[in-house]
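Here is the structure we will look at.
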Number of protein chains: 2
Amino acid sequence: MSVTNADNQELRLKKKVGKYYVASQPYLEDGFCPIRNLLASALDKWSMLCLFNLGYYKVLRFNELKKNVTGISARMLSVTMKKLEEQEIVVRKVYAEVPPRVEYSLTPFGQELSEKLVDLGNWYLELYTQKED
Amino acid sequence: MSVTNADNQELRLKKKVGKYYVASQPYLEDGFCPIRNLLASALDKWSMLCLFNLGYYKVLRFNELKKNVTGISARMLSVTMKKLEEQEIVVRKVYAEVPPRVEYSLTPFGQELSEKLVDLGNWYLELYTQKED
DNA sequence: CGGTATCCGTTGCGATACTG
DNA sequence: CAGTATCGCAACGGATACCG
(Lines give C-alpha, C1' and ligand atoms only; values in the text may rest on other atoms or scores of the structure.)
Protein backbone atom coordinates (compact mmCIF):
# COMPACT_ATOMS: atom_id res chain seq x y z
CA MET A 1 0.00 0.00 0.00
CA SER A 2 1.69 3.16 -1.20
CA VAL A 3 -0.98 5.69 -0.19
CA THR A 4 -0.26 6.88 3.31
CA ASN A 5 -2.60 8.57 5.75
CA ALA A 6 -0.69 11.79 5.21
CA ASP A 7 -1.34 11.55 1.47
CA ASN A 8 -5.03 11.03 2.15
CA GLN A 9 -5.18 14.06 4.37
CA GLU A 10 -3.50 16.20 1.74
CA LEU A 11 -5.90 15.06 -0.94
CA ARG A 12 -8.94 15.56 1.27
CA LEU A 13 -7.80 19.06 2.15
CA LYS A 14 -7.14 19.95 -1.47
CA LYS A 15 -10.58 18.81 -2.48
CA LYS A 16 -12.32 20.67 0.32
CA VAL A 17 -10.41 23.88 -0.24
CA GLY A 18 -10.95 23.67 -3.97
CA LYS A 19 -14.70 23.39 -3.56
CA TYR A 20 -15.22 27.05 -2.78
CA TYR A 21 -12.00 28.80 -2.06
CA VAL A 22 -9.57 28.18 -4.86
CA ALA A 23 -11.24 26.62 -7.85
CA SER A 24 -13.87 29.33 -7.86
CA GLN A 25 -11.63 32.25 -7.24
CA PRO A 26 -14.29 34.92 -6.55
CA TYR A 27 -13.97 34.11 -2.88
CA LEU A 28 -10.31 34.89 -2.97
CA GLU A 29 -10.40 38.17 -4.81
CA ASP A 30 -9.50 41.34 -2.99
CA GLY A 31 -9.02 39.49 0.23
CA PHE A 32 -12.67 38.50 0.43
CA CYS A 33 -13.22 35.29 2.31
CA PRO A 34 -16.68 34.63 3.76
CA ILE A 35 -15.55 32.36 6.53
CA ARG A 36 -12.98 34.90 7.64
CA ASN A 37 -15.69 37.52 7.78
CA LEU A 38 -17.82 35.28 9.95
CA LEU A 39 -14.94 34.34 12.18
CA ALA A 40 -13.71 37.92 12.37
CA SER A 41 -16.98 38.70 14.06
CA ALA A 42 -16.70 35.69 16.26
CA LEU A 43 -13.14 36.51 17.08
CA ASP A 44 -12.52 40.17 17.58
CA LYS A 45 -10.82 40.15 20.91
CA TRP A 46 -13.96 39.58 23.04
CA SER A 47 -16.52 37.69 20.97
CA MET A 48 -15.51 34.14 21.78
CA LEU A 49 -15.47 34.88 25.47
CA CYS A 50 -19.01 36.20 25.22
CA LEU A 51 -20.14 33.27 23.11
CA PHE A 52 -18.72 30.71 25.49
CA ASN A 53 -20.31 32.37 28.49
CA LEU A 54 -23.66 32.42 26.75
CA GLY A 55 -23.13 28.81 25.71
CA TYR A 56 -22.64 27.90 29.34
CA TYR A 57 -25.20 30.08 31.11
CA LYS A 58 -27.67 30.30 28.20
CA VAL A 59 -29.13 33.65 29.26
CA LEU A 60 -27.17 36.58 30.65
CA ARG A 61 -27.90 40.21 31.29
CA PHE A 62 -25.57 42.97 30.19
CA ASN A 63 -23.82 43.38 33.50
CA GLU A 64 -23.67 39.65 34.15
CA LEU A 65 -21.79 39.26 30.88
CA LYS A 66 -19.60 42.20 31.76
CA LYS A 67 -18.75 40.58 35.08
CA ASN A 68 -18.05 37.17 33.57
CA VAL A 69 -15.90 38.44 30.72
CA THR A 70 -13.06 39.73 32.82
CA GLY A 71 -11.55 42.96 31.61
CA ILE A 72 -14.14 43.97 29.03
CA SER A 73 -15.36 47.57 29.07
CA ALA A 74 -19.01 48.55 28.69
CA ARG A 75 -18.18 50.08 25.35
CA MET A 76 -16.59 46.97 23.92
CA LEU A 77 -19.28 44.70 25.30
CA SER A 78 -21.90 46.87 23.65
CA VAL A 79 -20.06 46.95 20.34
CA THR A 80 -19.38 43.21 20.46
CA MET A 81 -22.94 42.21 21.20
CA LYS A 82 -24.25 44.50 18.51
CA LYS A 83 -22.05 42.83 15.91
CA LEU A 84 -23.05 39.36 17.08
CA GLU A 85 -26.69 40.37 16.95
CA GLU A 86 -26.32 41.63 13.38
CA GLN A 87 -24.88 38.29 12.33
CA GLU A 88 -27.79 36.51 14.03
CA ILE A 89 -25.42 34.76 16.36
CA VAL A 90 -26.93 36.32 19.46
CA VAL A 91 -30.41 37.46 20.36
CA ARG A 92 -31.11 40.55 22.44
CA LYS A 93 -34.34 40.69 24.39
CA VAL A 94 -35.42 43.94 26.01
CA TYR A 95 -37.98 44.04 28.81
CA ALA A 96 -39.99 47.21 29.21
CA GLU A 97 -39.17 47.66 32.90
CA VAL A 98 -37.62 50.28 35.10
CA PRO A 99 -34.75 49.82 35.66
CA PRO A 100 -34.36 48.30 32.20
CA ARG A 101 -33.63 44.61 31.80
CA VAL A 102 -31.87 43.18 28.76
CA GLU A 103 -31.15 39.52 28.24
CA TYR A 104 -28.74 38.02 25.75
CA SER A 105 -28.76 34.47 24.49
CA LEU A 106 -27.48 32.44 21.55
CA THR A 107 -29.58 31.79 18.48
CA PRO A 108 -29.63 28.18 17.23
CA PHE A 109 -27.07 29.29 14.65
CA GLY A 110 -24.99 30.85 17.42
CA GLN A 111 -25.16 27.60 19.36
CA GLU A 112 -23.95 25.60 16.41
CA LEU A 113 -21.18 28.08 15.72
CA SER A 114 -20.12 28.11 19.36
CA GLU A 115 -20.02 24.35 19.46
CA LYS A 116 -17.83 24.23 16.39
CA LEU A 117 -15.52 26.85 17.83
CA VAL A 118 -15.22 25.11 21.16
CA ASP A 119 -14.53 21.82 19.39
CA LEU A 120 -11.71 23.54 17.56
CA GLY A 121 -10.46 25.00 20.82
CA ASN A 122 -10.55 21.70 22.64
CA TRP A 123 -8.70 19.98 19.83
CA TYR A 124 -6.01 22.64 20.03
CA LEU A 125 -5.81 22.56 23.80
CA GLU A 126 -5.40 18.82 23.82
CA LEU A 127 -2.47 19.03 21.43
CA TYR A 128 -1.08 21.84 23.53
CA THR A 129 -1.30 19.98 26.83
CA GLN A 130 0.21 16.89 25.22
CA LYS A 131 3.25 18.94 24.29
CA GLU A 132 3.62 20.09 27.91
CA ASP A 133 4.00 16.50 29.15
CA MET B 1 -40.22 12.09 24.92
CA SER B 2 -39.72 15.53 26.45
CA VAL B 3 -36.06 16.04 25.61
CA THR B 4 -35.80 17.72 22.23
CA ASN B 5 -32.86 17.91 19.88
CA ALA B 6 -32.49 21.56 20.76
CA ASP B 7 -32.23 20.67 24.44
CA ASN B 8 -29.57 18.12 23.64
CA GLN B 9 -27.58 20.63 21.67
CA GLU B 10 -27.72 23.12 24.54
CA LEU B 11 -26.57 20.54 27.05
CA ARG B 12 -23.77 19.31 24.83
CA LEU B 13 -22.56 22.86 24.27
CA LYS B 14 -22.68 23.67 27.98
CA LYS B 15 -20.64 20.59 28.80
CA LYS B 16 -18.04 21.28 26.12
CA VAL B 17 -17.67 24.93 27.01
CA GLY B 18 -17.46 24.13 30.70
CA LYS B 19 -14.61 21.70 30.16
CA TYR B 20 -11.98 24.37 29.67
CA TYR B 21 -13.47 27.76 29.18
CA VAL B 22 -15.87 28.48 32.00
CA ALA B 23 -15.52 25.98 34.79
CA SER B 24 -11.79 26.58 34.92
CA GLN B 25 -11.84 30.32 34.60
CA PRO B 26 -8.12 30.91 34.08
CA TYR B 27 -8.74 30.75 30.37
CA LEU B 28 -11.22 33.56 30.62
CA GLU B 29 -9.24 35.99 32.71
CA ASP B 30 -7.97 39.19 31.19
CA GLY B 31 -9.38 38.28 27.84
CA PHE B 32 -7.07 35.30 27.48
CA CYS B 33 -8.47 32.57 25.33
CA PRO B 34 -6.06 30.10 23.74
CA ILE B 35 -8.24 29.24 20.81
CA ARG B 36 -8.75 32.88 20.01
CA ASN B 37 -5.01 33.35 20.03
CA LEU B 38 -4.56 30.48 17.62
CA LEU B 39 -7.36 31.67 15.39
CA ALA B 40 -6.21 35.27 15.57
CA SER B 41 -3.05 34.08 13.84
CA ALA B 42 -5.01 32.05 11.40
CA LEU B 43 -7.37 34.91 10.75
CA ASP B 44 -5.66 38.26 10.59
CA LYS B 45 -6.94 39.52 7.29
CA TRP B 46 -4.68 37.39 5.08
CA SER B 47 -3.83 34.17 6.89
CA MET B 48 -6.74 32.03 5.81
CA LEU B 49 -6.23 32.98 2.20
CA CYS B 50 -2.60 31.88 2.47
CA LEU B 51 -3.52 28.69 4.29
CA PHE B 52 -6.13 27.71 1.74
CA ASN B 53 -3.78 28.34 -1.15
CA LEU B 54 -1.13 26.23 0.47
CA GLY B 55 -3.75 23.58 1.22
CA TYR B 56 -4.58 23.47 -2.46
CA TYR B 57 -1.18 23.83 -4.10
CA LYS B 58 0.86 22.25 -1.27
CA VAL B 59 4.06 24.13 -2.09
CA LEU B 60 4.28 27.75 -3.17
CA ARG B 61 7.08 30.27 -3.51
CA PHE B 62 6.85 33.76 -2.11
CA ASN B 63 5.78 35.43 -5.32
CA GLU B 64 3.44 32.61 -6.27
CA LEU B 65 1.61 33.15 -3.01
CA LYS B 66 1.65 36.87 -3.58
CA LYS B 67 0.09 36.38 -6.99
CA ASN B 68 -2.56 33.95 -5.75
CA VAL B 69 -3.59 35.99 -2.74
CA THR B 70 -5.03 38.90 -4.65
CA GLY B 71 -4.31 42.27 -3.13
CA ILE B 72 -1.71 41.30 -0.54
CA SER B 73 1.42 43.42 -0.31
CA ALA B 74 4.90 42.00 0.03
CA ARG B 75 5.08 43.43 3.50
CA MET B 76 1.88 41.79 4.72
CA LEU B 77 2.72 38.48 3.09
CA SER B 78 6.06 38.51 4.84
CA VAL B 79 4.54 39.38 8.21
CA THR B 80 1.75 36.83 7.79
CA MET B 81 4.03 33.97 6.86
CA LYS B 82 6.37 34.77 9.71
CA LYS B 83 3.53 34.51 12.21
CA LEU B 84 2.28 31.28 10.71
CA GLU B 85 5.80 29.89 10.82
CA GLU B 86 6.16 30.80 14.50
CA GLN B 87 2.98 28.91 15.30
CA GLU B 88 4.28 25.90 13.36
CA ILE B 89 1.39 26.14 10.96
CA VAL B 90 3.64 26.74 7.97
CA VAL B 91 7.12 25.62 7.07
CA ARG B 92 9.59 27.84 5.24
CA LYS B 93 12.29 26.18 3.19
CA VAL B 94 15.18 28.22 1.82
CA TYR B 95 17.37 27.02 -1.04
CA ALA B 96 20.89 28.35 -1.25
CA GLU B 97 20.62 29.52 -4.83
CA VAL B 98 20.99 32.73 -6.75
CA PRO B 99 18.44 34.14 -7.26
CA PRO B 100 17.09 32.86 -3.95
CA ARG B 101 14.28 30.35 -3.85
CA VAL B 102 11.96 30.01 -0.87
CA GLU B 103 9.16 27.48 -0.63
CA TYR B 104 6.27 27.55 1.78
CA SER B 105 4.12 24.60 2.76
CA LEU B 106 1.79 23.49 5.55
CA THR B 107 3.01 21.46 8.47
CA PRO B 108 0.86 18.45 9.42
CA PHE B 109 -0.59 20.64 12.15
CA GLY B 110 -1.26 23.36 9.61
CA GLN B 111 -3.01 20.86 7.38
CA GLU B 112 -5.27 19.72 10.16
CA LEU B 113 -6.01 23.28 11.15
CA SER B 114 -6.74 24.27 7.57
CA GLU B 115 -9.07 21.34 7.15
CA LYS B 116 -10.99 22.29 10.26
CA LEU B 117 -11.24 25.88 9.13
CA VAL B 118 -12.42 24.96 5.68
CA ASP B 119 -14.99 22.60 7.16
CA LEU B 120 -16.28 25.49 9.22
CA GLY B 121 -16.30 27.70 6.15
CA ASN B 122 -18.15 25.17 4.03
CA TRP B 123 -20.74 24.63 6.73
CA TYR B 124 -21.30 28.37 6.84
CA LEU B 125 -21.40 28.80 3.08
CA GLU B 126 -23.96 26.05 2.73
CA LEU B 127 -26.25 27.76 5.22
CA TYR B 128 -25.61 31.01 3.42
CA THR B 129 -26.45 29.71 -0.03
CA GLN B 130 -29.58 28.02 1.35
CA LYS B 131 -30.80 31.41 2.55
CA GLU B 132 -30.30 32.87 -0.92
CA ASP B 133 -32.77 30.42 -2.46
C1' DC C 1 -29.49 49.09 34.59
C1' DG C 2 -27.75 49.33 30.22
C1' DG C 3 -25.94 51.62 27.68
C1' DT C 4 -23.70 56.15 24.49
C1' DA C 5 -20.26 60.10 23.50
C1' DT C 6 -15.84 61.73 23.41
C1' DC C 7 -11.03 61.67 23.67
C1' DC C 8 -6.77 59.70 22.63
C1' DG C 9 -2.88 56.48 22.61
C1' DT C 10 -1.75 52.04 20.17
C1' DT C 11 -1.81 48.98 16.48
C1' DG C 12 -2.69 47.57 11.70
C1' DC C 13 -1.64 47.96 7.23
C1' DG C 14 -1.01 49.96 2.44
C1' DA C 15 2.36 52.52 -0.58
C1' DT C 16 6.77 53.39 -1.82
C1' DA C 17 11.57 52.84 -1.94
C1' DC C 18 15.43 50.06 -1.30
C1' DT C 19 18.64 45.55 -0.81
C1' DG C 20 21.48 40.93 -0.70
C1' DC D 1 13.67 36.55 -6.14
C1' DA D 2 12.41 37.43 -1.67
C1' DG D 3 12.22 40.14 1.06
C1' DT D 4 13.16 44.86 4.64
C1' DA D 5 12.73 49.99 6.03
C1' DT D 6 10.24 53.88 6.53
C1' DC D 7 6.20 56.64 6.47
C1' DG D 8 1.60 57.99 7.26
C1' DC D 9 -3.24 57.30 7.50
C1' DA D 10 -7.11 54.63 9.45
C1' DA D 11 -9.19 51.49 12.53
C1' DC D 12 -9.17 49.48 17.19
C1' DG D 13 -9.99 49.79 21.72
C1' DG D 14 -9.31 51.63 26.75
C1' DA D 15 -10.67 55.43 30.09
C1' DT D 16 -13.77 58.61 31.54
C1' DA D 17 -17.95 61.06 31.68
C1' DC D 18 -22.60 61.23 30.90
C1' DC D 19 -27.78 59.73 30.06
C1' DG D 20 -32.88 57.71 29.71
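Here is the naming used below: chain letters follow the sequence lines, and residue numbers restart at 1 for every chain. Keep in mind that what you see is a predicted model, and the values were worked out from it rather than measured.
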### Task
Nearest-nucleotide wise, let me know which of B/Ile72 and B/Pro100 is further upstream toward the 5' end of DNA chain C.
B/Ile72
Examine [N]: is either OP1 or OP2 under 4.0 Å from a nitrogen or oxygen in the side chain of [X]? Give yes or no.
X        : N      : result
B/Ser73  : C/dC13 : no
A/Trp46  : D/dC12 : no
A/Tyr104 : C/dG3  : yes
B/Arg61  : D/dA2  : yes
A/Lys82  : C/dT4  : yes

What nucleotide, of [options], holds the atom closest to the side chain of [X]?
X       : options                : value
B/Met76 : C/dG2, D/dG13, C/dC13  : C/dC13
A/Ser78 : D/dA2, C/dG3, C/dG14   : C/dG3
A/Arg75 : D/dA15, C/dG20, C/dC13 : D/dA15

Figure out the [atom1]/[atom2] separation between [X] and [N], and round it to whole Å.
X        : N      : atom1 : atom2 : result
A/Arg101 : C/dG2  : CZ    : P     : 9 Å
B/Leu77  : D/dT4  : CG    : C1'   : 13 Å
A/Lys45  : D/dG13 : NZ    : P     : 7 Å
B/Glu103 : D/dC1  : CD    : P     : 14 Å
B/Glu85  : D/dA2  : CD    : P     : 15 Å
B/Lys66  : D/dG3  : NZ    : C1'   : 11 Å
B/Asn63  : D/dG3  : CG    : P     : 9 Å
B/Leu65  : D/dC1  : CG    : P     : 14 Å

### Minimum heavy-atom distance between B/Leu117 and B/Met48, given as atom pair plus value
CB-CE, 3.9 Å
### Task
Hey, which sits more toward the 5' end of DNA chain D by its nearest nucleotide, A/Ala74 or A/Lys83?
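It is A/Lys83, whose closest nucleotide lies nearer the 5' terminus.
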### Message
So if I take residues 86-95 of chain B and measure heavy-atom distances to DNA chain C, which residues fall below 4.0 Å?
### Response
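Contacting residues: none.
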Please check this pair: side chain of [X] against backbone of [Y], looking for a donor-acceptor N/O pair closer than 3.5 Å.
X       : Y       : result
B/Thr80 : B/Met76 : yes
A/Glu64 : A/Arg61 : yes
B/Ser78 : B/Ala74 : no

### Query
So how far is it from B/Glu112 CD to A/Leu120 CG, rounded to the nearest 0.5 Å?
11.0 Å
### Sidechain N-carboxylate O distance under 4.0 Å for B/Glu126, A/Lys19
yes
### Task
Could you label the plane-to-plane angle of the B/Phe109 and A/Trp123 rings as parallel, tilted or perpendicular, counting under 30° as parallel and over 60° as perpendicular?
parallel
Under 3.5 Å donor-acceptor pairs involving side-chain atoms of residues 84-98 of chain A, not counting sequence neighbours:
unit_1  : atom_1 : unit_2   : atom_2 : d
A/Gln87 : NE2    : A/Ser41  : OG     : 2.8
A/Arg92 : NE     : A/Tyr104 : OH     : 3.3
A/Tyr95 : OH     : A/Glu103 : OE1    : 3.0
A/Glu97 : OE1    : A/Arg101 : NE     : 3.4
A/Glu97 : OE2    : A/Arg101 : NH2    : 3.1

